Amino acid sequence: MTEAIAYIGLGTNLGRRMAHLEKALRRLEDRNGVRITQLSSVYETAPVGYLNQPDFLNACAEIKTTRSPMDLLHILLDVEQELHRVRRIRWGPRTIDLDLLLYDDRIIQEEQLVVPHPRMTDRSFVLVPLAEIAPDVVIPGTGQTVAWWAEERKQGSEVV
Ligand SMILES: Nc1nc2nc(S)n(CCO)c2c(=O)[nH]1
């Protein structure tokens with residue numbers, strides 16, 4: 001069975017943030033058919049969207065997997081539950097957020113699952129860590145690489 005390459009976005013802004021990231025990665029690694037093959041640095045980032053919440057720690061991981069995209073989504077949701085992710089406010093603080101960003105060169109638009117992640121090209125907190133581990137990956141449907149999008153979004157941010 002061939003392995004697909006997928007990229008996961010990790011975020012946390014509640015409690016012992018580093019511990020949550022480490023635990024989520026361990027739980028992912030423990031799952032059959034999932035291997036973590038690259039991990040970005042961890043970045044401290046100001047919240048975007050819902051601003052009235054603590055700063056996040058964000059990172060991205062490359063995984064090699066024999067699991068389908070839908071199976072992988074359910075594994076991510078399981079790990080979020082194992083870390084007692086409570087969804088109080090939709091955009092509010094969370095112990096852990098695991099987003100499936102890319103799955104090979106697939107474009108998936110299903111009720112439960114949209115890949116590439118629909119907001120990833122707007123988010124420096126995703127693009128910067130992802131460009132660290134996968135700069136030359138082309139984001140399907142955009143014709144541009146992760147590094148290109150990261151640069152694009154950096155230029156988008158105002159000069160202070
Ligand atoms: N910096 C930053 N801001 C965010 N706003 C939301 S919602 N999120 C959760 C995205 O899934 C984040 C995040 O992970 N990092």
Side-chain angles (χ1 to χ4, degrees), residues 4-31 34-65 69 72-73 75-104 113-142 144-160:
I5 298 179
Y7 293 91
I8 311 290
L10 298 95
T12 173
N13 73 336
L14 203 58
R16 296 169 54 247
R17 298 176 302 168
M18 208 58 192
H20 294 323
L21 287 185
E22 287 160 353
K23 189 172 178 184
L25 289 163
R26 274 198 309 277
R27 292 301 173 99
L28 264 180
E29 185 74 59
D30 286 350
R31 306 294 290 247
V34 176
R35 290 189 300 124
I36 296 174
T37 47
Q38 284 199 84
L39 186 57
S40 73
S41 308
V42 176
Y43 293 78
E44 182 141 51
T45 62
V48 298
Y50 184 78
L51 303 179
N52 180 22
Q53 60 179 322
D55 285 353
F56 281 79
L57 294 186
N58 286 112
C60 283
E62 177 189 85
I63 63 168
K64 289 189 176 160
T65 183
L72 193 52
L73 171 69
I75 287 172
L76 298 182
L77 293 171
D78 283 354
V79 172
E80 285 184 345
Q81 289 311 310
E82 287 169 26
L83 270 77
H84 311 302
R85 158 114 187 224
V86 291
R87 282 180 179 269
R88 289 194 202 92
I89 309 166
R90 175 157 162 68
W91 302 107
R94 67 283 312 280
T95 50
I96 193 70
D97 210 36
L98 299 174
D99 290 326
L100 178 53
L101 303 173
L102 298 169
Y103 188 104
D104 280 345
L113 179 61
V114 177
V115 173
H117 188 285
R119 290 179 291 285
M120 71 179 284
T121 52
D122 298 330
R123 293 173 157 181
S124 283
F125 65 78
V126 170
L127 294 166
V128 168
L130 189 57
E132 195 186 318
I133 60 173
D136 302 327
V137 166
V138 173
I139 298 180
T142 75
Q144 298 293 359
T145 64
V146 167
W148 185 91
W149 279 107
E151 198 47 42
E152 182 76 4
R153 284 299 162 243
K154 264 187 203 154
Q155 280 158 9
S157 55
E158 68 284 351
V159 178
V160 295

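For clarity, every value in this text was computed on a predicted model and none was experimentally measured.
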Closest contact, heavy atoms only, [X] versus [Y]:
X	Y	answer
I8	L101	C-CD1, 3.7 Å
K23	E82	NZ-O, 4.5 Å
L102	P140	CD2-CD, 3.8 Å
F56	G11	CD2-C, 4.4 Å

Could you check whether any side-chain N or O of [X] sits under 3.5 Å from a backbone N or O of [Y], counting only pairs where one atom can act as donor and the other as acceptor?
X	Y	value
H84	T95	no
E132	S41	yes
D104	I5	yes
T12	L57	no

Between atom [atom1] of [X] and atom [atom2] of [Y], what is the distance when rounded to the nearest 0.5 Å?
X	Y	atom1	atom2	answer
L73	L113	CG	CG	5.5 Å
L14	H20	CG	NE2	6.0 Å
C60	L10	SG	CG	7.0 Å
E62	L39	CD	CG	10.5 Å
T37	I133	OG1	CD1	7.5 Å

Could you work out, with side-chain hydrogen bond (donor to acceptor under 3.5 Å, both in side chains) as the rule, every residue matching [X], not counting sequence neighbours?
X	value
W149	T142
D78	R31
R35	E3
D99	none

For [X], give me all partners under side-chain contact (heavy atoms from CB on, under 4.5 Å), at least two apart in sequence or on another chain.
X	value
V114	Q109, P118
P54	N13, P93
A6	I63, L72, L100, Y103
A147	P135, T145

Do the side chains of E80 and I96 get nearer than 4.5 Å, heavy atoms only? yes

Do I139 and Q144 have side chains that approach each other closer than 4.5 Å (heavy atoms only, starting at C-beta)? no

Please determine whether the number of non-hydrogen atoms from other residues, nucleotides or ligands lying under 6.0 Å from atom CG of N52 exceeds 12. no

Not counting sequence neighbours, which residues clear salt bridge (Lys or Arg N to Asp or Glu O under 4.0 Å) with [X]? List them please.
X	value
R119	none
D55	none
E44	R17
D122	R153

I would like to know whether M120 and L130 meet side chain to side chain contact (heavy atoms under 4.5 Å, CB included); could you show each step before the answer? CA-CA 10 Å; M120 71 179 284; L130 189 57; 3.5 Å; yes

